[in-house]
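Let me begin by presenting the structure, written as structure tokens, before commenting on it.
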Amino acid sequence: ALRNHEGWGRTWARRPPGKRYDVIIVGAGGHGLATAYYLGKNHGITNVAILEKGWLGGGNTGRNTTIIRSNYLQDPSAAIYEKARSLYEGLSQELNYNIMFSPRGVIMLAQTHHEVRGYKRTAHANSLQGVTTEWIGPQRVKQLCPIMNIEGPRYPVLGGLWQARGGTARHDAVAWGYARACTDMGMDIIQKCEVTGIAQSGGKVTGVQTTQGDIACGKLGLVTAGHSGVLAQMAGFRLPLESVALQALVSEPIKPCMDVVVMANTVHGYMSQSDKGEMVIGGGTDGYNNYTQRGSFQHIEETLRALVETFPMISRLKMLRQWGGIVDVTGDRSPILSKTPVDGLFVNCGWGTGGFKAIPGSGWGMAELMAKGHSPLTAAFGMERFREGRFIDESVAAGVAH
Ligand code: FAD
Ligand code: PYC
């Protein structure tokens, strides 16, 4: 099979779009693909197309730093993120595709007294929610991550919120694994197919206009992350979202020196080590709305300056590459999984800086919402919460500065 790379089967089919599908999902990122997968697996709906303007997994799903955790504060968040984390544990087996889930543990550092109080509160909330996290002191932090300087002059490490079953996974593999499973169920994944308009009749969605022609559908799911506002505008409503660039960078590969994930939210930096040995580093979002997929230069300096106090060894590292993605941030830093004013049209967006970890749980809930009109996992995340003032405030647990 390896001779001249001949004889390989396609992992997902390349077909021209059909004329009509029961369900169309716009956006072949992790959330769109997982939604399609659970529509098929849990609800037997397989006449589905996933339309992608670029390439599969080329949005934020292929640009993130792969941190998986479920240590959120509010009950609806803990439910959906913990569902996702637990599905991640068996996802390689379920998809028969190695997504390289690595439950190496995640520490969120407390470097101010406010954070100490905040994370102790989260640990208590998590124990009531059935999410296993614990508050740990500075010496335990140092034991888990010996390269850390816990006595920094500006921001000494006062402890941390530790989730031993958090970790990382290979981001592309998550998209590829779901994509192959969708193809195996007979779904169409159509790349280079940008949705340019949404057709409606009598207040009900009837299809989409695309760069590959018009396609009819019974139901439509918009799962387009940073471009969700653009798609909502096509359908004639607005979403309470801002789109901003979030960037990350990796160093040259070095020998294994860190086997946990560390987030330092006060100083706006986080770091883990990839299987290749690169230090994977990120900071906060750009301070202005944009669609650049690059990230502004001064952020790199700010992030590294912030992290050097806690990880002095990174001052000696050469950085290899940097990239950005456009994240869709809501006012309460929680996602929107919702019906919309247009009958048959659903949105899954607002995951902002933290949606990679949620992909399996989000897909599970969104599929149930689209199939049955209601899902216990998504019930609290409807867009009407912004009108009704029922916010799900996760501005601390979001972890990354916005
Ligand atoms: P995407 O993967 O962006 O998919 C949306 C797709 O829609 C795209 O492929 C896009 O091309 C397509 N699309 C848009 N418009 C159209 C159109 N008109 N027609 C057809 N297709 C269209 N989360 C974590 O949990 N942990 C992390 O460590 C983490 N780190 C991050 C680091 C960075 C630098 C970034 C940018 C994000 C990070 N995130 C993290 C957030 C996470 O990446 C996102 O929340 C998640 O990937 C969103 O997935 P998605 O499927 O909704 O979006
Ligand atoms: O949500 O855990 C997270 C995260 C880490 C880096 C970016 N987002």
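Bear in mind that the values here come from a model prediction, so they are computed numbers and not experimental data. Counting starts at 1 for both ligands and their atoms, following the listed order.
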N-O pairing of Arg85 and Glu82 below 4.0 Å: yes
Pairing of Lys339 and Glu384 as salt bridge, 4.0 angstrom limit: no
Per-atom contacts of ligand 2 with Lys357, taking only distances under 4.0 Å to non-hydrogen atoms: 1 (O), 2 (O), 3 (C)
Check ion pair Lys142-Glu151 (N to O, under 4.0 angstrom): no
Flag for Ser70-Gln163: side-chain donor and acceptor within less than 3.5 Å: yes
Donor-acceptor contact present, side-chain Gln247 to main-chain Gln322, <3.5 Å: no
Side chains of residues 194-204: which donor-acceptor pairs under 3.5 Å do they make with residues two or more places apart or in other chains?
from   : atom 1 : to     : atom 2 : distance (Å)
Thr196 : OG1    : Gln209 : O      : 3.2
Gln200 : NE2    : Ala235 : O      : 2.9
Lys204 : NZ     : Gly218 : O      : 3.2

Numbered atoms and elements of ligand 2 in range of Tyr270, under 4.0 angstrom, heavy atoms: 6 (C), 7 (C)
Plane angle bin for Tyr97 and Trp176 - parallel if under 30°, tilted between 30 and 60°, otherwise perpendicular: perpendicular
Contact residues of ligand 1 (heavy atom under 4.0 Å), by chain and number: Val26, Gly27, Gly29, Gly30, His31, Leu51, Glu52, Lys53, Gly59, Asn60, Thr61, Arg63, Asn64, Thr65, Thr66, Ile67, Cys193, Glu194, Val195, Val223, Thr224, Ala225, His227, Leu231, Leu246, Gln247, Ala248, Tyr270, Gly325, Val327, Trp351, Gly352, Thr353, Gly354, Gly355, Phe356, Lys357
Enumerated ligand 2 atoms positioned under 4.0 Å from heavy atoms of Ile67: 2 (O), 5 (C), 6 (C)
Ring geometry between Phe356 and Tyr88 (parallel below 30°, tilted from 30 to 60°, perpendicular above 60°): tilted
Atom indices of ligand 2, in the order listed, that fall short of 4.0 Å to a heavy atom of Gly354: 1 (O)
Ligand-side contact atoms (ligand 2) for residue partner Thr353, heavy atom cut-off under 4.0 Å: 1 (O), 4 (C), 7 (C), 8 (N)
